[in-house]
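Below, read A as the first sequence line, B as the second, and so on, with proteins coming before strands; counting in each chain starts at 1.
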Protein chains: 2
Amino acid sequence: MSDMPSCQFESRPRRIVIGSSGVQTDFCTTCSVRPTSVCSVIGPDDISRLSDAAVETIIPPGRGFIEEGAPATDFFNVTSGTVKLFKALPDGRRQITGFASPGHFLGLAVSDNYAFGAEAVDTVRVCRFSRDKMADLLDDFPKLERRLLEEASNELVAAQNQMLLLGRKTARERVASFLLDQMHASQLPGHESNGGRLHLPMTRGDIADYLGLTIETVSRTLSWMRSQGMIEVGKGYAITIVSAAKLDVLAAGNT
Amino acid sequence: MSDMPSCQFESRPRRIVIGSSGVQTDFCTTCSVRPTSVCSVIGPDDISRLSDAAVETIIPPGRGFIEEGAPATDFFNVTSGTVKLFKALPDGRRQITGFASPGHFLGLAVSDNYAFGAEAVDTVRVCRFSRDKMADLLDDFPKLERRLLEEASNELVAAQNQMLLLGRKTARERVASFLLDQMHASQLPGHESNGGRLHLPMTRGDIADYLGLTIETVSRTLSWMRSQGMIEVGKGYAITIVSAAKLDVLAAGNT
DNA sequence: GGAACGCATTGATTTACATCAATCCATCGG
DNA sequence: CCGATGGATTGATGTAAATCAATGCGTTCC
């Protein structure tokens with residue numbers, strides 16, 4: 001899950017008016033995710049096509065905005081905040097299949113219905129594209145399709161790594177892998193260097209649902225890592241990586 | 001993993017000569033996978049472009065043909081047989097991330113190296129496309145990109161289902177899900193109806209590596225299912241589903 | 001300001017599956 | 001034809017993680 005700088009914008013959903021003058025406030029122009037997201041393939045001359053298609057939406061923490069099984073009418077580009085993607089069983093068991101941060105494109109569906117759910121972990125901003133408008137953009141901008149294929153391929157690789165983790169790794173290997181992934185994500189372009197300090201807005205329960213563990217196992221493992229001098233657990237959701245090398249050895253899987 | 005009818009062809013790899021007459025034996029023309037695979041977007045008038053790009057390859061059982069970490073120089077379209085896709089840990093632990101049957105397109109890579117390995121379960125035929133030739137085809141046939149995006153989206157959905165299975169399902173739920181998936185795959189277009197009888201060329205070890213279990217657990221679970229009247233375990237690799245309804249209840253996850 | 005709630009940590013106990021072991025069966029090669 | 005090998009099944013035992021429980025802390029709301 002790559003991590004991108006967020007798009008700053010006003011705090012309520014609204015439709016950008018299709019304007020004929022160039023004076024309108026155009027959040028696409030000022031969006032800081034755009035240089036590295038799927039939107040980057042649409043050039044400055046065509047940016048109004050983007051603005052016309054996109055509806056910026058603010059989603060408060062805890063609110064779901066994609067429901068597994070619901071008709072797949074929209075696509076979403078995450079421009080700020082963190083989203084958890086998940087699948088659920090009827091008895092309440094849940095597997096988080098990924099955390100989406102700015103730059104992630106959500107909503108690819110094969111059938112007519114979403115195969116997964118999405119819920120805001122913290123305050124989230126997304127640009128929403130209806131399926132029709134997306135189809136128009138794809139027709140007019142072939143490079144967009146190439147870019148979506150790249151995104152999908154990225155997700156496939158991440159999914160395969162996660163299957164290896166879920167199917168074969170021990171609890172300590174899983175937590176180590178998770179922390180290292182979060183560290184790498186926070187070091188991608190657009191993130192200010194923060195000396196190994198991770199901001200993890202998701203709860204221990206969310207981390208457990210992502211790693212195929214329970215809350216207690218995640219907590220015990222983090223406590224053990226702290227006792228081994230690998231991490232520091234700070235206030236709120238801050239975890240600081242003290243020895244990435246030790247975590248690397250764990251995550252690599254040499255049991 | 002969708003399952004498609006296989007492409008019949010001669011039993012050794014060779015380059016199809018770029019011919020000017022229409023008399024040459026053209027395996028693309030006779031390929032029975034082609035109507036439903038990514039190649040379907042290339043029309044009969046352009047089929048020579050396909051033949052020019054493809055190299056048919058026969059791979060014996062047990063032979064690997066994609067090595068995790070190796071340079072990603074080729075793509076592969078599976079036209080016959082079964083392929084296992086996997087990721088490995090240094091200490092020998094291995095997770096099979098999928099079984100690819102005819103119609104599957106392999107080799108999408110984001111970086112310059114393959115993120116997974118591939119190995120033939122039984123005798124496998126693939127059409128191999130070099131990266132350069134694939135790029136040419138993509139430039140000339142934009143619908144090919146759309147089709148690849150559809151394939152990738154299919155794989156993403158399958159991966160998410162598998163993450164739910166690996167992260168949250170019990171052993172019985174996993175085996176039930178696997179058997180039902182194989183049943184559905186065998187009922188796709190191109191497969192003759194075979195009354196619930198599955199042909200599973202992969203070993204119990206392969207099934208275990210796919211479901212995040214051990215050989216013994218898979219074997220015990222199949223034995224229990226036989227004792228419950230859900231399946232019959234026949235000679236060789238044949239498993240017959242006797243009560244899909246009971247397996248459905250298990251697989252659904254209502255523990 | 002205090003009760004309620006959500007979240008996290010830690011302890012004790014249980015359990016689903018792994019591990020180790022033995023045996024059987026089918027196939028292959030000499 | 002027989003020994004070797006690969007694969008599968010079944011039994012006995014061990015264990016990593018789950019489950020159950022208790023406690024503490026920070027935040028929110030009345």
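B:S223 comes within 4.0 angstrom of sugar-phosphate atoms only, judged by non-hydrogen atoms across all strands, and of no base. Nucleic acid contact class of B:T214 (heavy atoms, under 4.0 Å, all strands): base. Among the protein residues, A:L222 comes within range of no part of the nucleic acid, since none of its heavy atoms lies under 4.0 Å from any strand. B:R226 comes within contact range of the sugar-phosphate backbone alone, with a heavy-atom separation under 4.0 Å but no base atom that close. Residue contacts for B:G212: at a heavy-atom cut-off of 4.0 Å it reaches the sugar-phosphate backbone alone, with no base atom in range. Within the nucleic acid shown, A:T203 comes within 4.0 Å of sugar-phosphate atoms alone, with no base atom in reach, counting heavy atoms only.
Here the P atom of nucleotide C:dA18 and the CZ atom of B:R93 are 13 Å apart, to the nearest Å. Summarising the geometry, the separation between CD1 on A:I207 and C1' on C:dC7 is reported as 12 Å, rounded to the nearest angstrom. For the pair B:R204 CZ and D:dG6 P, the interatomic distance rounds to 18 Å; values are reported in whole Å. For B:L211 and C:dA18, the CG to C1' distance is 15 Å, given to the nearest whole Å. The CZ-C1' distance, from B:R168 to D:dA18, rounds to 10 Å in whole Å. One can place CG of A:L213 at 16 Å from C1' of C:dA8, the figure rounded to the nearest angstrom. If you measure from atom CG of A:L165 to atom P of D:dA17, you get 12 Å, rounded to the nearest angstrom. Rounding to whole angstrom units, CG of residue A:L200 and C1' of C:dA8 are separated by 14 Å.
Regarding contacts with the backbone of D:dA18, a side-chain N or O of A:T217 is found under 4.0 angstrom from either OP1 or OP2.
Salt bridge B:D209/A:R168: present, at least one basic N to carboxylate O contact under 4.0 Å.
Aromatic ring centres of A:F105 and A:F75 lie closer together than 6.0 Å.
Mapping B:R174 and A:V233 onto DNA chain C via the closest heavy atom, the residue that lands nearer the 5' end is A:V233.
Side chains of A:S177 and A:K169: a donor-acceptor N/O pair is present below 3.5 angstrom, by distance only.
Between B:Y114 and B:F76, the two ring planes are tilted [angle within 30° to 60°].
On a pure distance criterion of 3.5 Å, a polar donor-acceptor pair joins the side chain of A:E216 and the base of D:dC20. A donor-acceptor contact under 3.5 Å links the side chain of A:R220 to the base of D:dT19.
At least one donor-acceptor pair under 3.5 Å links the side chain of A:S227 to the backbone N or O of A:W224.
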